[in-house]
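Here the structure is laid out as structure tokens; the discussion comes afterwards.
When a residue number appears, it is its place in the shown sequence, counting from 1.
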Amino acid sequence: MSQGTLITVAPTGAEHAKADVPQLPVTLEELVATAQSCEQVGAAMIHVHIRGEDTKPTLDLGRLKATVEALRSETNLVVQLSTGGSVHDPEADRLRVLEAMPDSASCTMGTVNFGDDVFMNRWEFIVALHKDMRERGIVPEYEIFDLGQLASLKRLLDQHGLPAGGHVHVDFVMGVPGGMPGDAATLVAAAAALPDGASFSATGIGRTTLPVMFTALGAGGHLRVGMEDTISYSRGVPVRDNAQLVARAAGLAKIAQRPALTPDEARKLLGVHI
């Protein structure tokens with residue numbers, strides 16, 4: 001069990017519209033300000049989806065590079081880019097995300113029904129991401145939306161070796177309609193199926209946020225929180241900002257006697273080159 005807790009903030013995502021959630025950070029200035037405020041209250045890593053001038057999701061490489069540069073300049077956070085984009089983005093654009101050279105990037109370990117859509121992740125695409133990240137020295141976070149994807153992760157490691165950094169870290173994304181439920185029994189089963197030596201974070205979508213958070217802390221895992229995953233702080237109470245969610249996570253981690261890791265401690269855990 002880790003003696004500290006890696007807290008990742010996922011501030012924006014690709015699902016919520018700015019018009020519906022005015023406090024959602026979508027411009028570069030908003031994203032940097034959000035990153036700074038979240039770092040101050042306990043975040044060590046930021047999981048980034050970017051938006052275009054129209055506030056809609058984009059994988060524009062110039063914007064991605066500018067985002068990585070700004071976050072590195074203005075914060076000490078580990079910068080992780082999403083290679084998922086939105087469910088409609090083509091594979092070539094998703095692979096090109098790595099050209100922005102973040103510290104870390106996501107690698108989803110299989111196709112999953114995502115509400116009314118399908119989040120497609122073919123085996124060949126997964127292998128290409130894994131290999132390209134290793135060649136570039138980018139540390140992957142393997143996103144797990146269902147239990148069977150852990151078998152795919154073991155297959156990937158057996159056939160293609162360890163990732164950049166030499167350490168395997170996964171994120172259980174729980175509570176997505178079409179994926180695994182966000183409850184204690186499922187999280188415990190997922191943790192038991194991890195590859196030897198792997199660490200994990202857990203993300204509870206919507207109303208599963210708190211059950212997943214409590215269980216992850218008790219099971220020795222780490223936490224991802226943010227407005228990508230929930231826009232409600234409690235029943236009927238909207239989230240004020242991402243820092244509010246990070247502060248709650250950091251407070252619970254402290255109560256669990258596993259206080260929030262610093263960004264440099266997170267780099268050591270993940271194998272990110274300093």
Non-neighbouring partners of Arg51 that pass side-chain contact (heavy atoms from CB on, under 4.5 Å), sequence neighbours left out:
Thr12, Leu24, Val26, Pro57

If you apply the rule side-chain contact (heavy atoms from CB on, under 4.5 Å), what do you find for Leu6 with Ser201, and how did you get there?
CA-CA 8 Å; Leu6 165 63; Ser201 294; 4.2 Å; yes

So SG of Cys107 and CG of Leu98: to nearest 0.5 Å the spacing works out to 9.0 Å

To the nearest 0.5 angstrom, please state how far the NE2 atom of His49 sits from the CD atom of Glu15.
8.5 Å

Please evaluate residues Asp89 and Arg94 with respect to the criterion salt bridge (Lys or Arg N to Asp or Glu O under 4.0 Å), reporting the C-alpha separation (whole Å), side-chain torsions for both, the decisive distance (0.1 Å), and the verdict.
CA-CA 7 Å; Asp89 286 317; Arg94 294 171 61 189; over 6 Å; no

Quick check against the 3.5 Å criterion: does Thr5 have a side-chain atom that pairs as donor or acceptor with the backbone of Ala260?
no

Answer yes or no: are there more than 12 heavy-atom neighbours, outside Asp54 itself, under 6.0 Å from its atom CG?
yes

For Pro25 versus Thr34, what's the shortest heavy-atom pair and its separation?
CB-OG1, 3.5 Å

Within 45° cone and under 6.0 Å: Arg248 NZ/CZ vs Tyr233 ring:
yes

Within a reach of under 6.0 Å around CE of Met120, are more than 12 heavy atoms found that belong to other residues, nucleotides or ligands?
no

Got Pro11 and Ile46 here, is their nearest side-chain heavy-atom distance under 4.5 Å?
yes

Tell me the side chain to side chain donor-acceptor pair (under 3.5 Å) pairs involving residues 177-196, sequence neighbours left out?
Asp183-Thr186

To the nearest 0.5 Å, atom NZ of Lys131 lies from atom CD of Glu135 at 8.5 Å

Donor on one side chain, acceptor on other, His222 and Ser199, under 3.5 Å:
no

Salt-bridge present (Asp158, Lys154; N to O < 4.0 Å)
no

Straight-line distance of Gln80 CD to Leu270 CG, nearest 0.5 Å
8.5 Å

Indicate the atoms forming the closest heavy-atom contact of Gly42 with Ala250, along with that distance.
CA-CB, 4.5 Å

Mind checking the CZ-NE2 spacing from Phe125 to His130? Nearest 0.5 Å is all I need.
14.0 Å

If a pair satisfies side chain to side chain donor-acceptor pair (under 3.5 Å) and one of its residues is in residues 55-69, list it, with sequence neighbours excluded.
Glu53-Arg63

Test item: Leu194 and Val170 side chains (from C-beta on) under 4.5 Å apart, heavy atoms:
yes

Closest heavy-atom contact between Leu157 and Pro195?
CD1-CG, 4.0 Å

Any chain of hydrophobic side-chain contacts (each under 4.5 Å) joining Met227 to Val9?
yes

Contact check, side chains of Val237 and Ser232, non-hydrogen atoms, under 4.5 Å:
no

Quick one: side-chain hydrogen bond (donor to acceptor under 3.5 Å, both in side chains) partners of Glu124, sequence neighbours excluded?
Arg122

Mind telling me whether Trp123 and His160 have parallel, tilted or perpendicular rings, with 30° and 60° as the class edges?
tilted

Could you please spell out the steps behind the salt bridge (Lys or Arg N to Asp or Glu O under 4.0 Å) verdict for Arg136 and Asp132?
CA-CA 6 Å; Arg136 296 174 184 270; Asp132 200 354; 2.8 Å; yes

Less than 4.5 Å apart, any side-chain heavy atom of Leu95 and any of Thr83?
no

Can you hop from Val173 to Met109 via hydrophobic side chains spaced under 4.5 Å?
no

With a 3.5 Å distance limit and no angle check, can you tell me whether Asp241 reaches the backbone of Gln244 through a side-chain donor-acceptor pair?
yes

Does a salt bridge link Asp93 with Arg96, judged by any charged N lying under 4.0 Å from a carboxylate O?
yes

Steps toward side-chain contact (heavy atoms from CB on, under 4.5 Å) verdict (Val118, Val87)
CA-CA 7 Å; Val118 175; Val87 295; over 6 Å; no

Any donor-acceptor pair under 3.5 Å linking the side-chain atoms of Asp171 with those of Thr203?
yes

Would a distance-only check, ignoring hydrogens and angles, find a side-chain to backbone donor-acceptor pair under 3.5 Å from Gln149 to Phe145?
yes

Phe119 vs Asn113, test: side-chain contact (heavy atoms from CB on, under 4.5 Å). Steps then yes/no.
CA-CA 6 Å; Phe119 182 24; Asn113 288 328; over 6 Å; no

Where do Lys18 and Glu30 land on the salt bridge (Lys or Arg N to Asp or Glu O under 4.0 Å) test, with the steps shown first?
CA-CA 12 Å; Lys18 179 74 167 178; Glu30 289 172 342; 3.3 Å; yes

Should Ile231 and Leu31 be regarded as members of a common hydrophobic cluster, given that ILVMFWY residues are connected when their side-chain heavy atoms come within less than 4.5 Å of each other, either directly or indirectly?
yes

Members besides Val188 in its Ile/Leu/Val/Met/Phe/Trp/Tyr cluster (side-chain heavy atoms under 4.5 Å)
none

Roughly how far, to the nearest 0.5 Å, is the CD atom of Gln23 from the CG atom of Asn242?
9.0 Å

Can you check whether Phe172 reaches Met180 side chain to side chain, under 4.5 Å on heavy atoms?
yes

Taking the side chain from Thr75 and the backbone from Gln36, do they hold a donor-acceptor pair closer than 3.5 Å?
no

Should Ile7 and Leu71 be regarded as members of a common hydrophobic cluster, given that ILVMFWY residues are connected when their side-chain heavy atoms come within less than 4.5 Å of each other, either directly or indirectly?
yes

Non-hydrogen atoms of Arg267 and Val78 that approach each other most closely
CG-CG2, 3.7 Å

Can you check whether Leu81 reaches Leu64 side chain to side chain, under 4.5 Å on heavy atoms?
yes

Show me, pair by pair, the donor-acceptor contacts under 3.5 angstrom made by side chains of residues 208-216, not counting sequence neighbours?
residue : atom : partner : partner atom : Å
Thr208  : OG1  : Ile205  : N            : 2.9
Thr208  : OG1  : Ile205  : O            : 2.8
Thr209  : OG1  : Gly204  : O            : 2.9
Thr209  : OG1  : Gly206  : O            : 2.7
Thr215  : OG1  : Pro211  : O            : 2.8

Any heavy-atom pair between the side chains of Leu217 and Leu223 that's under 4.5 Å?
yes

Is the shortest side-chain heavy-atom distance between Ile138 and Asp103 below 4.5 Å?
no

Kindly work out whether a path of hydrophobic side-chain contacts (I/L/V/M/F/W/Y, heavy atoms less than 4.5 Å apart) joins Ile126 to Leu150.
yes

Which pair of non-hydrogen atoms, one from Leu28 and one from Ala70, has the smallest distance, and what is that distance?
CD1-CB, 4.0 Å

Take Glu141 and Met45 through the side-chain contact (heavy atoms from CB on, under 4.5 Å) test and state the conclusion after the steps.
CA-CA 11 Å; Glu141 181 177 76; Met45 181 158 70; 3.7 Å; yes

Distance-only side-chain donor-acceptor flag, Ser106 / His47, under 3.5 Å:
no

What is the minimum heavy-atom distance between Gly178 and Val112, and which atoms define it?
O-CG2, 3.6 Å

